[in-house]
Amino acid sequence: TLQFEQALADYTRCEQADGVSVESRYRVGMAQYMLQNYDAATAAFAGSLAIAPQDDDMYIADVYWLVLSQLRAEKADEAQKTLKQHYRPDMYVGHHTAYEKAMRVAAAGFAPMEDMLAELDAEPDDLQFAMTAYGLCVLLEAHSETEKADALRQKLLVRDGFWFCFSYLAAYSDRKYTVKPATVT
């Protein structure tokens, strides 16, 4: 059983004992996201992003999860503001290239969804696939393309040849606990 409530309590205690850090805010945001507390997740990821150095790979991770939280909280305008303020296709992403691919699609004008889906189909690495695919699932749902999102989520969930990342766990949770899709106009 996934224990997101316990994780949130543990991460909150860690922050109380050791202070707030990029990593602690990120983990609080992840727990809130998994609990579908998207406004609280947005606040946590915004807090992490505010203190993350732009030349650190956690920066794109925060952008990714902040944008997805905003979309899930039905705040598509805020998501676009976040992307305009914090995303550049040439930004430093370290090993988080899969997060950047999803944000390239989210930030209008950098990569069409269909092109990224075709590129994703050729991705041999299950972990990279999961990280990009989950972001694209949320984007598809935000554009009321739930059938495409569901099909992509199923593809993601069968590619499980890796340690389960947050994107995989979120896809699993989405499937297990029905999510009300946000709508982008």
Side-chain angles (χ1 to χ4, degrees), residues 4 7 11 14-15 20-34 38 41-73 78-113 115-142 149 152-153 155-157 159-174:
F4 302 130
Y11 296 142
C14 288
E15 282 192 335
V20 172
S21 68
V22 172
E23 293 80 11
S24 69
R25 283 282 78 198
Y26 181 80
R27 285 172 175 77
V28 165
M30 288 310 314
Q32 293 286 15
Y33 188 93
M34 298 298 181
Y38 300 120
T42 294
F45 290 123
S48 180
L49 186 61
I51 58 177
Q54 288 188 10
D55 62 348
D56 187 274
D57 58 2
M58 284 303 295
Y59 197 81
I60 189 64
D62 279 317
V63 169
Y64 174 97
W65 287 106
L66 175 55
V67 166
L68 299 186
S69 297
Q70 290 167 324
L71 290 173
R72 286 285 171 87
E78 286 183 30
Q80 284 306 307
K81 287 178 188 172
T82 296
L83 287 163
K84 284 181 183 175
Q85 183 177 358
H86 298 286
Y87 173 77
R88 293 183 336 274
D90 64 342
M91 68 192 296
Y92 176 79
V93 297
H95 72 279
H96 285 145
T97 57
Y99 284 156
E100 189 279 328
K101 287 179 181 181
M103 292 302 93
R104 198 178 320 153
V105 174
F110 291 109
M113 175 68 78
D115 291 356
M116 190 58 67
L117 289 171
E119 182 178 325
L120 191 58
D121 281 340
E123 176 60 61
D125 185 87
D126 288 353
L127 176 61
Q128 297 299 309
F129 183 92
M131 292 168 70
T132 301
Y134 184 71
L136 298 181
C137 284
V138 174
L139 291 170
L140 287 165
E141 288 171 345
L152 182 56
R153 185 176 295 104
K155 282 183 176 180
L156 183 166
L157 291 170
R159 292 186 64 166
D160 60 0
F162 59 94
W163 171 83
F164 297 126
C165 63
F166 287 128
S167 299
Y168 187 93
L169 293 174
Y172 177 82
S173 293
D174 287 355

For the residue pair Trp65 and Phe45, does the interplanar ring angle fall in the parallel (under 30°), tilted (30 to 60°) or perpendicular (over 60°) class? parallel
Which pair of heavy atoms, one from Ala79 and one from Gln70, lies closest together, and at what distance? CA-OE1, 3.1 Å
If you measure from CE on Met91 to CG on Asp57, what distance do you get to the nearest 0.5 Å? 10.5 Å
Rounded to the nearest 0.5 Å, how far apart are OH of Tyr26 and OH of Tyr33? 11.0 Å
For Gly135 against Ala102, the heavy-atom pair lying closest together: CA-CB, 4.1 Å
Taking all atoms of both residues into account, what is the closest heavy-atom pair of Ala111 and Met116, and its distance? CB-CE, 4.2 Å
Does any part of the side chain of Phe129, heavy atoms only, come nearer than 4.5 Å to the side chain of Leu152, both counted from C-beta? yes
Identify the heavy atoms of Leu71 and Ala142 that sit nearest to each other, and give their distance. CD2-CB, 4.1 Å
How about Leu120 and Lys101: do any of their side-chain heavy atoms sit closer than 4.5 Å? no
Is the backbone N or O of Ser21 less than 3.5 Å from a side-chain atom of Glu15, with the two atoms forming a donor-acceptor pair by type? no
As an exercise, state the distance from NZ of Lys81 to CG of Leu83, rounded to the nearest 0.5 Å. 12.5 Å
Using modelled atom types and a 3.5 Å cut-off, is there a donor and acceptor pairing between side-chain atoms of Ser48 and backbone atoms of Val22? yes
Is there a side-chain contact between Asp160 and Tyr168 in this structure, where contact means two heavy atoms from C-beta onward sitting under 4.5 Å apart? yes
Closest non-hydrogen contact found for Gln80 with Ala108 is OE1-N, 4.3 Å
Interatomic distance, Cys14 atom SG to Glu23 atom CD [nearest 0.5 angstrom]: 12.0 Å
Ring pair (Phe, Tyr, Trp, His ring centres under 6.0 Å) partner of Tyr87, chosen from Phe110, Tyr64, Tyr99: Phe110
So, does Asp126 use its side chain to make a donor-acceptor pair with the main chain of Phe162 at under 3.5 Å? no
Hey, are the side chains of Leu49 and Tyr59 touching, using non-hydrogen atoms and a 4.5 Å cut-off? yes
For residues Ala130 and Cys165, report the shortest heavy-atom separation together with the two atoms involved. CB-SG, 4.2 Å
Residues Glu123 and Thr132: side-chain donor-acceptor under 3.5 angstrom: no
Are any of the side-chain heavy atoms of His96 and Glu100 separated by less than 4.5 Å? no
For salt bridge (charged side-chain N to carboxylate O under 4.0 Å, His left out), just list the numbers for Arg25 and Asp62, CA-CA rounded to whole Å, side-chain angles, deciding distance to a tenth of an Å, and then say yes or no. CA-CA 10 Å; Arg25 283 282 78 198; Asp62 279 317; over 6 Å; no
The reported gap from CG in Leu136 to CE in Met103 (rounded to nearest 0.5 angstrom) is 8.0 Å
Side-chain H-bond candidate by donor/acceptor type, Asp174 with Tyr134, under 3.5 Å: yes
Is the backbone N or O of Leu68 less than 3.5 Å from a side-chain atom of Arg72, with the two atoms forming a donor-acceptor pair by type? no
Does Val105 reach the side chain of Leu117, with side-chain heavy atoms less than 4.5 Å apart? no
For the atom pair CD (Glu78) and CD (Gln85), what is the distance rounded to the nearest 0.5 Å? 11.5 Å
